[in-house]
Protein chains: 2
Amino acid sequence: MITSTVENYVKQIYLQQQENPADLLPMGKLATAMNVVPGTATAMVKALADSGLVDYEPRGGIRLTHGGEQLALHVLRRHRILESFLVEILGLDWSEVHEEAETLEHAVSDKVLERMDHLMNRPQYDPHGDPIPTAKGQISHIRLMPLSDMAPGTSAQVARVADQDAAFLRFAEKNGLLPGVKFSLISSDSQADAVTIRLRNKQTITLGGKAAEKILVRKKTG
Amino acid sequence: MITSTVENYVKQIYLQQQENPADLLPMGKLATAMNVVPGTATAMVKALADSGLVDYEPRGGIRLTHGGEQLALHVLRRHRILESFLVEILGLDWSEVHEEAETLEHAVSDKVLERMDHLMNRPQYDPHGDPIPTAKGQISHIRLMPLSDMAPGTSAQVARVADQDAAFLRFAEKNGLLPGVKFSLISSDSQADAVTIRLRNKQTITLGGKAAEKILVRKKTG
DNA sequence: TGCCCTCTTTTGAATAATCAAAATCACTTA
DNA sequence: TAAGTGATTTTGATTATTCAAAAGAGGGCA
Ligand SMILES: [Mn+2]
Ligand SMILES: [Mn+2]
Ligand SMILES: [Mn+2]
Ligand SMILES: [Mn+2]
């Protein structure tokens, strides 16, 4: 049965797998990501394998089957459309919608989701800049550069803020670091592990390496 | 723990209790309403009693405690605001929103619900004419008369359609029997178990006793 | 080669919810 | 008052999910 637990596992496996698409995902990684003890992950993975959602190599790791990936993308679509809806239609803050969507993604029907999607004019990206899979299960795989890798003097725009932590998102918002915002890199000091950028409104912001890695940018086309 | 199962039981107990507010609700009634075998209801009720949500008299029946009633009203509020939202904002048909709300009522947070309520300008009634409890747990208890009890020649307006069955709701909608619609009773034949009404648009509709009981009306004030 | 450390699996147990079927209870009815 | 009947409870199982703790596997290091 596809319970919300199964949906959460499959979605998390997909997300973790993205970080290392070539390798099998080790059980330990999954257990940590799911916040369960390793034995729980093993038990669950066996059930997922029985349902044909993952391929499981004992002591090797796991990988989603095609069916598993489709399910993951379907859940991800629900999650991201819901986040967009909560921000655009209901006016919630982008720092709080991830939590809300985490529950709603298991409760909303395809029909309701379709209405939400339609009402928002079918957005391609969620409020954090994450691509929204299509109803058919396609997702855009545009390679983005972390702000921390930019060369000094270059310009770019924020494409994605890759952290669901509410405090970080509030920090980013307060400093105008939202998807679509343009800026140029003023300085980058690898010894100091810090970069300084200037936004269009002349405001300058300095970020440490950890934070700069979470801001994914798109090079200014030209 | 307040699982969605607990919420469903408590809500159903509240609803069933309304039909006979003076008596204890018998286990059999509850089991039937919840679509479980009697033993399951007994087991669940013991758990609800342990959580302080119901008073349970073995072989007598049950009654919600104050806490249980508050929880029931809270769930009912979520259910009815969601139904309204699905109809008014997302444009679903009133015949399908009950099912959708049945799941969403357990997933939506108070914050999101408050935004929905605000966006709709705080409706007092859901699409079927059922009163929406306040956030504080108050609910209007206006006594309504079933259409089947009206005297010939009198006028009234539809206040509530007391049936969640999609087919019946589609039938009612097709014939213009929506909350707020005014009409007068043309004839009532108890032998034939049928009543005929005329709407403002001159359309006449004949209903059998079963159907007429499900249409609750408000006497024309005057 | 043998021990050790880490990761993973197994085992045993718990909670929540449910069913099937047997047992029990509280009333009627004869 | 004994038997019968219908509602309710009890008992024994099952499924899904989880944890704690013991056991096992494998690779690295002395
Ligand atoms: Mn989730
Ligand atoms: Mn997001
Ligand atoms: Mn429900
Ligand atoms: Mn309703």
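Below, chain A is the first sequence line, B the second, and so on; all start at residue 1. This one's a predicted model, so the numbers in the text were calculated from it and none came from an experiment.
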Open item on the list: What contact category does B/Lys46 fall into here, base, sugar-phosphate, or nothing, at under 4.0 angstrom with non-hydrogen atoms?
Closed with: sugar-phosphate
Open item on the list: I want to verify a distance call: between C/dT8, C/dC25, D/dT17, whose nearest atom is closest to the A/Met44 side chain?
Closed with: D/dT17
- [ ] Would you please confirm or rule out a distance under 4.0 Å between OP1 or OP2 of C/dA17 and any side-chain N or O of B/Thr3?
- [x] yes
TODO: On DNA chain D, check which nucleotide each of A/Gly39 and A/Met1 is closest to and give me the residue with the more 5' one.
DONE: A/Met1
Open item on the list: Between C1' on D/dA7 and CG on B/Leu30, what's the gap in Å once rounded to a whole number?
Closed with: 14 Å
- [ ] Under 4.0 Å between any heavy atoms, over every strand shown, what does B/Thr42 touch: base, sugar-phosphate, or nothing? Just pick one.
- [x] base
Open item on the list: Within the 4.0 Å heavy-atom criterion, would you say B/Val36 contacts the bases, only the backbone, or no part of the nucleic acid?
Closed with: sugar-phosphate
TODO: Assess A/Lys46 against A/Tyr56: is NZ or CZ under 6.0 Å from the centre of the six-membered ring, and within 45 degrees of the ring's axis?
DONE: no
Open item on the list: Heavy atoms only, 4.0 Å cut-off, all strands: where does B/Gly28 land among base, sugar-phosphate and nothing?
Closed with: sugar-phosphate
TODO: Specify the separation, in whole Å, of atom CE of B/Met27 and atom P of C/dT18.
DONE: 13 Å
- [ ] Measure from CD on A/Glu7 to P on D/dT17 and round the result to the nearest Å.
- [x] 11 Å
Task: Distance (rounded to the nearest 0.5 Å) between B/Ile2 CD1 and B/His74 NE2 - done: 10.0 Å
Open item on the list: Taking 4.0 Å as the cut-off, does a side-chain nitrogen or oxygen of B/Tyr56 come that near to OP1 or OP2 on D/dT8?
Closed with: no
Task: Phosphate OP1/OP2 of D/dA16 contacted by A/Tyr9 side-chain N/O (<4.0 Å) - done: no
- [ ] Inspect the surroundings of NE2 in A/His141 and state if more than 12 heavy atoms from other residues, nucleotides or ligands are less than 6.0 Å away.
- [x] yes
Open item on the list: At 4.0 Å (heavy atoms only), tell me whether B/Thr40 reaches a base, stays on the sugar-phosphate, or touches nothing.
Closed with: base
Open item on the list: Can you measure B/Glu57 atom CD to D/dA7 atom C1' for me and round it to whole angstrom units?
Closed with: 16 Å
Task: Separation of C/dT8 C1' from A/Arg59 CZ (nearest whole Å) - done: 5 Å
Task: Main-chain N/O of B/Glu105 paired to B/Arg78 side chain as donor or acceptor, under 3.5 Å - done: yes
Task: Short side-chain to backbone donor-acceptor contact, A/Thr65 and A/Gly68, under 3.5 Å - done: yes
Open item on the list: What is the distance, to the nearest angstrom, from the CE atom on A/Met34 to the P atom on D/dT18?
Closed with: 7 Å
- [ ] Would you kindly give the CG-to-C1' distance between A/Asn8 and D/dT18, to the nearest whole Å?
- [x] 14 Å
TODO: Provide, to the nearest angstrom, the distance between the CG atom belonging to B/Leu48 and the P atom belonging to C/dA16.
DONE: 12 Å
